[in-house]
Amino acid sequence: MKERLNTLNPMQREAVLKTDGALLLLAGAGSGKTRVLTHRIAYLIEQGVRPFNILAITFTNKAAREMKERVFNICEEGNQVLVSTFHSLCVRILRRDIDKIGYTNKFTIYDSDDSERLIKDIMKDYKINDDLLSPKAALNEIGRQKDKLITATTYAQNVDSDFRKKLIADIYIAYEERLKANNSLDFDDLIFKTVQLFVNNPDVLEYYQERFKYIMVDEYQDTSTSQYTLIKLLANKYKNICVVGDDDQSIYGWRGADINNILDFEKDFKDAQVIKLEQNYRSSKTILDTANFVIKNNFGRKEKNLWTENEQGSLINYEKCNSDREEAVFVANEILNKMKDGYSYKDFAILYRNNSLSRILEEQLVFLSIPYKLYGGVNFYGRKEIKDIISYLKVLENPDDEISLKRIINVPKRGIGDATILKASEYALNNNITLFEALSKADEISDLGRKTKSVVDFYSLISDFIKKAGELSIPDLIDYILYKTEYTEELRKEGTDEALGRISNLEEFVSKAVEYEESEEDVSLTKFLEEVSLVADIDSMEDGDNVVTLMTLHSSKGLEFPVVFIVGFEEGIFPTYRALTSGNPTDIEEERRLLYVGITRAKKELYITNAKSRLQHGRYINNATSSFFKEMPQELINIKEKPEKQKISFSTSEETSNKYRPQPSYKPNVSAYLKRDIPAPKNVFLDFQVGDTVKHFKFGQGTVLKIEPAGADYEVTISFDNVGEKKLMANLSKLKKA
DNA sequence: CTCCTTTGTCTTTTT
DNA sequence: GACAAAGGAG
């Protein structure tokens with residue numbers, strides 16, 4: 001043991017040895033905090049603490065898995081330590097005791113998509129115009145309340161005359177009622193209800209206080225009030241709690257993370273010891289200096305001085321490109337260049353502010369046959385076909401779940417449309433039963449007419465599935481559902497590439513179910529659904545693959561790469577338009593921290609790139625350089641700007657260079673978001689003029705009366721021979737000269 | 001009443 | 001360029 005402790009620096013060692021009481025570990029980027037945590041767990045076990053009594057909370061499942069492995073490598077008993085995310089931990093606790101707060105343990109977990117559907121339903125019921133308040137905004141506001149442990153009733157009591165808030169309060173109350181009726185919890189509830197369970201049932205709390213005598217929380221800067229409260233409750237008896245965080249890396253404020261948790265920790269645990277880890281083992285001096293220089297622009301930070309003994313390293317590369325295409329070409333070519341220096345694919349990461357920036361990069365990587373893996377974006381479990389089959393499974397588990405039920409009731413099409421669902425819902429409401437129960441009494445529902453049979457058939461289909469769920473393995477059950485509903489058959493008939501893609505996704509889902517059954521000892525549909533609900537894309541990341549990594553800056557937290565590209569360094573993208581216009585300076589500070597996170601991912605080389613013109617939402621946008629650029633130490637940056645109007649060498653679509661028109665030029669330094677309306681459509685060419693005869697695939701032949709630019713396309717007024725005058729979008733409706 | 005076609009909105013970031 | 005809601009045809 002002693003020998004192992006000698007591999008740690010004095011501060012790290014102190015943190016490992018301080019086993020009892022409260023410890024706040026302020027760990028700068030790359031300062032070896034994971035090392036400290038794993039050694040600390042191992043040390044606890046060697047000191048005689050039972051592994052069973054240790055709880056470690058991480059931010060992702062991936063981090064949990066890795067930490068478990070690393071502890072296990074130091075000491076074998078380490079695999080009995082519970083390493084988990086907040087959400088997984090809470091589900092575990094709730095499955096045992098949620099009946100004490102009025103749910104059953106077959107409860108369903110709603111993802112943000114499910115929650116939004118429920119909000120939409122409610123707003124429809126209440127006839128709330130969504131011009132006033134979008135379902136997303138309402139859901140977001142409600143989520144932030146839950147993060148702060150504010151119930152619907154409390155929220156409603158405290159809204160003053162604010163019309164919008166009153167509206168949200170009404171929705172919040174209804175939302176809670178419906179969730180309960182559906183026996184469902186949203187992500188935020190998982191934490192909130194666990195806290196409620198503990199507060200209302202001291203015996204349950206005490207059970208877990210005894211179980212988790214030693215608690216560690218990683219990424220503490222990203223915990224919300226509810227999460228912190230949960231931890232405080234658990235640690236309240238033995239007070240052996242160690243939290244590890246870095247206020248400069250707090251990037252989830254929008255999700256309810258509260259940076260004050262770091263400041264409050266010392267107040268709540270009066271004898272808390274504070275240890276700072278300030279030596280960075282990851283990055284070159286140049287990279288670290290740049291990061292430090294940038295983050296100094298934030299106010300209200302915990303004072304720290306991150307330093308390194310690493311070599312100076314090469315300058316930061318800043319590349320200003322003319323277009324997004326040019327930027328992608330640059331990044332891909334640069335990766336190939338660097339490969340000649342002995343790097344391999346897995347040494348590179350391309351990071352961006354939002355997922356939509358990944359597409360053009362992917363295209364270019366594919367074009368140059370550079371292997372890569374993209375994380376985030378459309379989550380595998382978020383795809384339509386996967387959500388559909390999961391909804392079937394959820395209904396079997398919990399027929400009260402009306403959101404999943406409504407999702408699949410007419411998928412594939414079986415003649416149960418909105419009107420029928422509405423009648424059944426009304427019947428359910430009037431008789432105080434669930435929608436699913438109402439379906440079983442289809443014959444009693446008035447004016448269902450000939451639709452009664454469709455409903456009866458659907459009900460017996462689901463009943464059969466419920467019966468089969470008890471008999472078949474999960475993969476077999478999925479296959480059975482896909483077969484009986486003719487889901488796969490429908491797709492096969494469709495025959496398009498898209499449909500075939502969906503079929504292979506479904507096949508992959510079945511394989512995942514097989515994998516699940518093989519990897520777990522204690523297999524159940526409940527647990528499978530739980531796992532599926534709580535995985536993030538990043539969790540699938542494996543070290544083995546030698547491929548370039550593409551991900552958002554948010555997802556990159558906690559990772560490191562020899563060479564990092566930060567692309568789209570443009571005002572309006574990074575920092576995001578929302579932060580620039582919110583009027584809240586802390587939003588910009590959070591963007592700056594995100595940049596800090598991005599910079600500190602790099603070990604040896606850092607590239608920052610941007611484009612003067614970028615295709616967004618189907619039109620070209622001209623962005624100024626990110627205002628963060630001038631906050632970087634210019635003497636550490638190698639600035640390169642591509643010459644204007646350089647010939648674009650590569651294009652994926654058929655819009656070849658002769659079709660390419662020069663972009664209109666705008667005044668620099670004006671965020672393109674402020675000039676959204678671009679005068680003339682580009683990349684759309686009409687081979688007809690006013691007076692010509694054109695052909696439409698449906699309306700047939702007609703004469704062009706008028707052509708007007710409209711966004712990225714032209715609006716064409718045509719007098720059709722058969723259907724009269726119509727206004728159509730030229731590109732969209734594929735008009736052709738006759 | 002359902003289904004298909006057309007129109008509108010969207011884009012932060014994720015457990 | 002993607003997808004859901006609205007709108008119109010059968």
Side-chain angles (χ1 to χ4, degrees), chain A residues 57-64 84-91 109-113 116-117 120 124 130-131 134-136 140 143 147 186-191 219 222-224 227 251-257 351-357 359-360 375-379 381-382 384 410 413-423 447-451 454 498 533-539 551-557 568 572-580 582 587 590-591 593-594 597-598 615-619 653 673 697-699 711-713 723 726-729 731-733:
Chain A
I57 292 182
T58 57
F59 198 67
T60 62
N61 296 301
K62 172 177 179 278
S84 161
T85 63
F86 270 106
H87 296 268
S88 302
L89 171 71
C90 288
V91 171
I109 302 167
Y110 279 175
D111 64 19
S112 358
D113 183 63
E116 200 182 321
R117 278 167 193 258
K120 269 183 202 164
K124 209 178 252 172
D130 54 11
D131 298 345
S134 74
K136 243 198 194 82
N140 191 50
D147 289 332
D186 67 17
F187 281 137
D188 302 313
D189 279 340
L190 295 177
I191 318 289
E219 306 288 5
D222 286 321
T223 53
S224 62
Q227 290 169 338
I251 54 174
Y252 284 92
W254 51 274
R255 210 175 81 184
L351 309 179
Y352 34 81
R353 180 61 179 82
N354 58 266
N355 284 304
S356 66
L357 298 186
R359 163 164 285 156
I360 195 160
Y375 296 93
V378 184
N379 187 326
Y381 296 107
K384 200 185 304 168
N410 201 29
K413 300 259 180 296
R414 46 175 78 91
I416 305 179
D418 289 347
T420 308
I421 296 172
L422 193 68
K423 278 175 195 158
D447 40 81
L448 264 191
R450 58 202 171 81
K451 293 290 164 199
S454 310
E498 196 198 330
S533 305
L534 295 178
V535 287
D537 205 25
I538 186 84
D539 294 333
M551 60 171 62
T552 62
L553 287 146
H554 281 89
S555 301
S556 75
K557 194 178 65 166
I573 290 183
F574 189 20
T576 181
Y577 174 66
R578 299 276 262 259
L580 288 167
S582 73
D587 288 351
E590 182 153 314
E591 295 287 306
R593 289 194 293 269
L594 190 57
V597 168
L615 192 60
Q616 271 188 299
H617 310 162
R619 62 184 59 177
S653 58
Y673 281 89
F697 67 100
K698 188 171 171 195
F699 302 132
D713 203 344
V723 292
K726 289 219 180 275
K727 283 190 175 183
L728 300 169
M729 300 305 272
N731 198 27
L732 212 66
S733 53

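The chains referred to below are lettered A, B, ... by the order of the sequence lines, with proteins before strands, and numbering in each begins at 1. Given the structure is predicted, the values throughout are model-derived calculations rather than measurements.
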Taking [atom1] from [X] and [atom2] from [N], how many angstroms apart are they, rounded to a whole number?
| X | N | atom1 | atom2 | result |
| --- | --- | --- | --- | --- |
| A/Q616 | C/dG1 | CD | P | 14 Å |
| A/N410 | B/dT2 | CG | P | 8 Å |
| A/K136 | B/dT11 | NZ | C1' | 8 Å |
| A/D113 | B/dT11 | CG | P | 12 Å |

Any idea which of [options] is nearest the [X] side chain?
| X | options | answer |
| --- | --- | --- |
| A/H554 | B/dT14, B/dT11, B/dT15 | B/dT14 |
| A/R359 | C/dA2, B/dT11, B/dT15 | C/dA2 |
| A/A419 | B/dT11, B/dT2, B/dT15 | B/dT2 |

May I ask you to evaluate whether [X] reaches the phosphate of [N], defined as a side-chain N or O under 4.0 Å from OP1 or OP2?
| X | N | answer |
| --- | --- | --- |
| A/S555 | B/dT14 | yes |
| A/N355 | B/dT13 | yes |
| A/T552 | B/dT14 | yes |
| A/T420 | B/dT2 | yes |

Give every pair of a protein N or O atom and an N or O atom of nucleotides 3-7 of chain C that lie under 3.5 Å apart, one pair per line with the distance.
unit_1	atom_1	unit_2	atom_2	d
C/dA5	OP1	A/K120	NZ	2.8

What stems show up for DNA chain B when you take Watson-Crick pairs (N1-N3 plus N6-O4 or O6-N4) and G-U wobbles (N1-O2, O6-N3), both under 3.5 Å, and require three or more consecutive pairs? B:1-10 with C:1-10
Counting the atoms with a prime plus P, OP1 and OP2 as sugar-phosphate, which does [X] contact under 4.0 Å by heavy atoms, base, sugar-phosphate, or nothing?
| X | answer |
| --- | --- |
| A/Y252 | sugar-phosphate |
| A/D111 | nothing |
| A/D188 | nothing |
| A/K557 | nothing |

Closest nucleotide of DNA chain B for A/A579 versus for A/G415: which of these residues is on the 5' side?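 Going by which nucleotide is closer to the 5' end, it is A/G415.
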By nearest heavy atom, map A/F59 and A/I416 onto DNA chain B; which one lands nearer the 5' end?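 Its nucleotide being nearer the 5' end, the pick is A/I416.
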What distance do A/R353 atom CZ and A/I573 atom CD1 have between them, rounded to the nearest 0.5 Å?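 Taking CZ in A/R353 and CD1 in A/I573, the distance rounds to 10.5 Å.
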Can you tell me how the ring of A/F59 sits relative to the ring of A/Y252, calling it parallel under 30°, perpendicular over 60° and tilted otherwise?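 Rings of A/F59 and A/Y252: tilted, 30 to 60°.
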What residues, two or more places apart in sequence or in another chain, satisfy ring-ring contact (aromatic ring centres under 6.0 Å, His included) together with A/Y352? none
